[in-house]
Each structure stands twice: as structure tokens, then as C-alpha cells.
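Here is the structure we will look at.
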Amino acid sequence: MTDPDYMARALELAARGKGYTSPNPCVGAVVVKDGQIIGQGFHPKAGGPHAEVVAIDDAAARFPEKLANATIYVTLEPCNHFGKTPPCTHKILNAGISRVVVACKDPNPNVAGGGIEFLRKKGLEVVSGLMAQEALTLIEDFVWNVQHTHTPFVTLKCAATLDGYIATRTGDSQWITSGASRNFGHELRHQNDAILIGSGTLHADDPSLTARIEGKPSRDPARIILDTRLTIKEDAKIVIQQSSAPTIIVTGPDCDCAKIRRLKDRGAQVLECRVLENMLDLNDLMIKLRNLSITSLLIEGGGRIAASALAAGIVNKVCYFLAPKIMGSNDGIPVFNGPGPEKIKDVFELARVTTRHFGSDILVTGYIEPRNMPVGNGQ
């Protein structure tokens, strides 16, 4: 096996922590000696041991005689500062490891390169940049948050027929995509701190907005409902269901104070947001959500929310499921509902596009860069 093979294994391990480590990044590490993996691990949760510590402890327990002069592969630059845990650079140094291979530097501009520099000054060989793009993509929400501290990393998820509809004219949408696609949608929920829908989707579907992943424990996202006029029913599933994650109802000013109190008594949070042109200001909301320590947000709303999110310039990433189905008409409910640009040069163009199959469905993933679109609104 080669350096890329061992780093690929470290990335696989890191991905196991996705959804559990927020606000920390998910990180994986592998310790190798004489062509043999002697220790491996990943960061399991915020406040828990870092990946390097888990991997080195694993090697020390199984092959203590092989740690000296071993190589450690780690997906993110080892930390060199004291936080909730001691510096990983000290752990590496004390273990007698002589070579460190790092995928990407710490994206925090205040500490980037510090761990690598410390280890090099101590005489260790350090290789940096191996499979860096893969590692950065895995922690893209963390990268965004250390470099843009005022708003969460936002993913817009869509699912449509080939002719661009999310439901028939009657509102029937079950099911446009395959079970495999829907399962991955629950994985996306698990990976994000919060999920957002509008009041239209709430009233039409009465969704639970929980993360249900077969075969592994999952973390429910905080459930955010855009409801300008506080039309939510007090017995809606998101209000009465049991979950460790909060329900946050975003509303405008001058709503029914008695209803707000009743919703709060049931455990919901009510967040007042600025209103522009009779719709909630999504940019104002993003700042408020980040102040609530929400670092990543999945938008699953209907066509109006999807269009408003794009127009507001809050979307970083788009996950667009295409099902091989055709409505064959022009009266379905479109995936985006709202006025569009007059010129092709003004459309939203995705960068770094990838595709992936889920059964017969195709998932198109891409990024909107830069995030400098005009201000827009939500429900």
C-alpha cells in the first residue's frame, strides 16, 4: 500500500464521525509501521478524543513495540494548542512517531500551519497536502465557519422529475425519488445541525423532520419552520414529537402572543425575524441561527423557499436529485417557484459538480461561488 492508500483509509474513518462532531470537524487517523496498519481511529464527538489520540492509543494497546519511528496519516493538521484536550502534536511526539502525513492544513487562518511547523522543528518529517481536496470537502462546513463566523454553511436539497416538478397539480409527491435517495436524504439531515422548511410544506405534509438511518444511530437536526404569520398548528408533529433536537419557529413581529406562549409551553422556540416585503429576511435569519451555534443548515422547503434561498444568496451547496420520471405536462408544482433572471448570463451556475447514482436516480451536487447574490426573502 502507498501513502494515498493509507490516507484514503483515514478519510473513510473520518467520515464515520460526520454528523456527530459539530462544531468540530470530523477527522480520521491511521498509524503505519513497516507496511502494516497498527492503529487507527476517528474523532467520535465534540469534547471526545481527537483522531490522532484514538489511533495512537489503539496502536499502543495492540502493537506497543512498533510505535517508535512509525508514520501517522491524519486528514487534518494536528492541533498545537490546549483546548478541551491537550495538543495532538505532543501526543505524536511523545509516541515516538517520526513521520506525519497530513491531508490539509487547519483552515483557521489564526492557527494554520502551527502544528506542522511545531513537528518539523522537533525533527519529524511532515508531508502536507496529500488528498487535500477530499479532506477539505469532508469538513466543508467547518472550513466555512472558521472563515465566515456570521452565517452557517447552507445546503439546498431538491428532488424533482426530469421535467422539473416536485409534485403533481394536486400536491401529490410520494414518491418522486427512490428509497435509496430518501435514505441519503436522512443522512444529510443527520450531518447538519438544522433543517429548514416553510409553512407551506409544514401544512401540506405535517413532517417529522427527524433523521432515520437504517443500521446506525443518528442525530436529529434542529427543526426550523419559516412561518411569518404564525399559522402553525399547535398539534403539528414537529411541536409534539419527542426529540433531543429543538423546534424553532421563525416568525415576524406582531404575532399572537398567547399562541407564542402556548407553543413555548410545549417546548418549541419562537424566533422573531425581520420582515421585508411581507416575507422573512433570510439573511437576517442566518445571522440569528449562527448566534444559536447552528453551523450547518439543510434547506428542504418547497419551490418558494428554494427560490428565495437562492435569491437571498445564502446557499453554499446544492444537492439536486433527478428521478427518471416525466410529468409530461406544464401544471405540476415546480422545483423553484418565483421570478427568475431575464438573461442566461444571470442564472445560478454550479461549480465543482459531481454526480452519483442512487438506484435509478441521479444526484447532482455542486457549489455556488461566490456567495454574493442580491438580498431575498423567505416565507
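Not measured: the values here are computed from a predicted model.
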Do [X] and [Y] sit in one hydrophobic cluster, given that two such residues count as connected whenever their side-chain heavy atoms are within less than 4.5 Å of each other, even indirectly?
| X | Y | value |
| --- | --- | --- |
| V54 | V101 | no |
| I195 | I240 | yes |
| L156 | V335 | yes |
| I287 | V154 | no |
| L310 | I314 | yes |

What's the spacing between [X] [atom1] and [Y] [atom2] if we round to 0.5 Å?
| X | Y | atom1 | atom2 | answer |
| --- | --- | --- | --- | --- |
| N291 | L271 | CG | CG | 10.0 Å |
| T247 | L209 | OG1 | CG | 8.0 Å |
| T89 | L124 | OG1 | CG | 10.0 Å |
| L322 | L162 | CG | CG | 6.0 Å |
| I294 | T151 | CD1 | OG1 | 12.5 Å |
| S208 | Q242 | OG | CD | 12.0 Å |

Give a yes or no on this: more than 12 heavy atoms of other residues, nucleotides or ligands lie within 6.0 Å of atom NZ of K121. no

So for atom CD, which belongs to E214, do other residues, nucleotides or ligands contribute more than 12 heavy atoms lying within a distance under 6.0 Å? no

Over all atoms of both residues, closest heavy-atom pair of [X] and [Y]:
| X | Y | value |
| --- | --- | --- |
| G39 | R62 | N-NH2, 3.8 Å |
| D284 | C273 | OD2-SG, 3.4 Å |
| C88 | E52 | SG-OE1, 3.5 Å |
| T161 | I176 | N-CG2, 4.0 Å |
| A236 | D206 | CA-OD1, 3.7 Å |
| D163 | G328 | OD2-N, 2.9 Å |

Main-chain N/O of [Y] paired with [X] side-chain donor or acceptor, under 3.5 Å:
| X | Y | result |
| --- | --- | --- |
| D227 | I232 | yes |
| K259 | L230 | yes |
| Y6 | I72 | no |
| N192 | A194 | no |
| T201 | I197 | no |
| D205 | P207 | no |
| D106 | G114 | no |

Apply side chain to side chain contact (heavy atoms under 4.5 Å, CB included) to residues I38 and V32 and explain how you reach the verdict. CA-CA 6 Å; I38 62 172; V32 176; over 6 Å; no

Which pairs with one or both residues in residues 14-36 pass side-chain hydrogen bond (donor to acceptor under 3.5 Å, both in side chains), sequence neighbours excluded?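 Every pair satisfying side-chain hydrogen bond (donor to acceptor under 3.5 Å, both in side chains) with a residue in residues 14-36: S22-D193, S22-T295, N24-H43, Q36-K66.
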
Please identify each residue that fulfils ring pair (Phe, Tyr, Trp, His ring centres under 6.0 Å) with H186, with sequence neighbours left out.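 By the ring pair (Phe, Tyr, Trp, His ring centres under 6.0 Å) rule, H186 matches no residue at all.
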
Return the set of residues passing ring pair (Phe, Tyr, Trp, His ring centres under 6.0 Å) with F336 (not counting sequence neighbours), or none when no residue passes. none

4.5 Å side-chain heavy-atom contact, [X] and [Y]:
| X | Y | value |
| --- | --- | --- |
| I92 | V100 | yes |
| K325 | W175 | no |
| V102 | L130 | no |
| R223 | P246 | no |
| H90 | F118 | yes |
| N108 | Q147 | no |
| V275 | T228 | yes |
| I97 | N69 | no |

Between [Y] and [X], is there a salt bridge with N-O shorter than 4.0 Å?
| X | Y | value |
| --- | --- | --- |
| D265 | R261 | no |
| D5 | R9 | no |
| R120 | E117 | no |
| E77 | K105 | no |
| K91 | D57 | yes |

Check whether NZ of the Lys or CZ of the Arg R182 lies under 6.0 Å from the centre of the six-membered ring of F321 and within 45 degrees of that ring's axis. no

Could you go step by step and tell me if T365 and V318 meet the side chain to side chain contact (heavy atoms under 4.5 Å, CB included) rule? CA-CA 6 Å; T365 301; V318 176; over 6 Å; no

Quick one: do the [X] and [Y] side chains pair a donor with an acceptor below 3.5 Å?
| X | Y | value |
| --- | --- | --- |
| R212 | T210 | yes |
| T170 | D172 | no |
| Y367 | N316 | no |
| D361 | S181 | yes |

All side-chain hydrogen bond (donor to acceptor under 3.5 Å, both in side chains) counterparts of R290, not counting sequence neighbours: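 Result, side-chain hydrogen bond (donor to acceptor under 3.5 Å, both in side chains) vs R290: N145.
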
side-chain hydrogen bond (donor to acceptor under 3.5 Å, both in side chains) involving R189 - partner list, sequence neighbours excluded: E300

Please lay out, stage by stage, how L196 and L285 fare under the test side chain to side chain contact (heavy atoms under 4.5 Å, CB included). CA-CA 11 Å; L196 181 148; L285 175 60; 3.9 Å; yes

Centroid-centroid distance, H148 to F153, less than 6.0 Å: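 For H148 and F153, the ring centres are not under 6.0 Å apart.
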
May I have the list of side-chain donor-acceptor pairs in residues 346-354 shorter than 3.5 Å, sequence neighbours left out?
residue	atom	partner	partner atom	Å
R352	NH2	E369	OE2	2.5

Given the rule in the salt bridge (Lys or Arg N to Asp or Glu O under 4.0 Å) test, do R266 and E234 qualify, once you have shown the distances and angles that lead to the verdict? CA-CA 9 Å; R266 290 194 170 218; E234 294 173 40; 5.1 Å; no

Out of the candidates P25, P23, C26, only one should pair with F142 under the side-chain contact (heavy atoms from CB on, under 4.5 Å) rule; please name it.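 Of P25, P23, C26, side-chain contact (heavy atoms from CB on, under 4.5 Å) with F142 is met by P25 alone.
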
Might you work through the side chain to side chain contact (heavy atoms under 4.5 Å, CB included) test for H357 and I362, ending with a clear yes or no? CA-CA 5 Å; H357 283 268; I362 299 174; 3.6 Å; yes

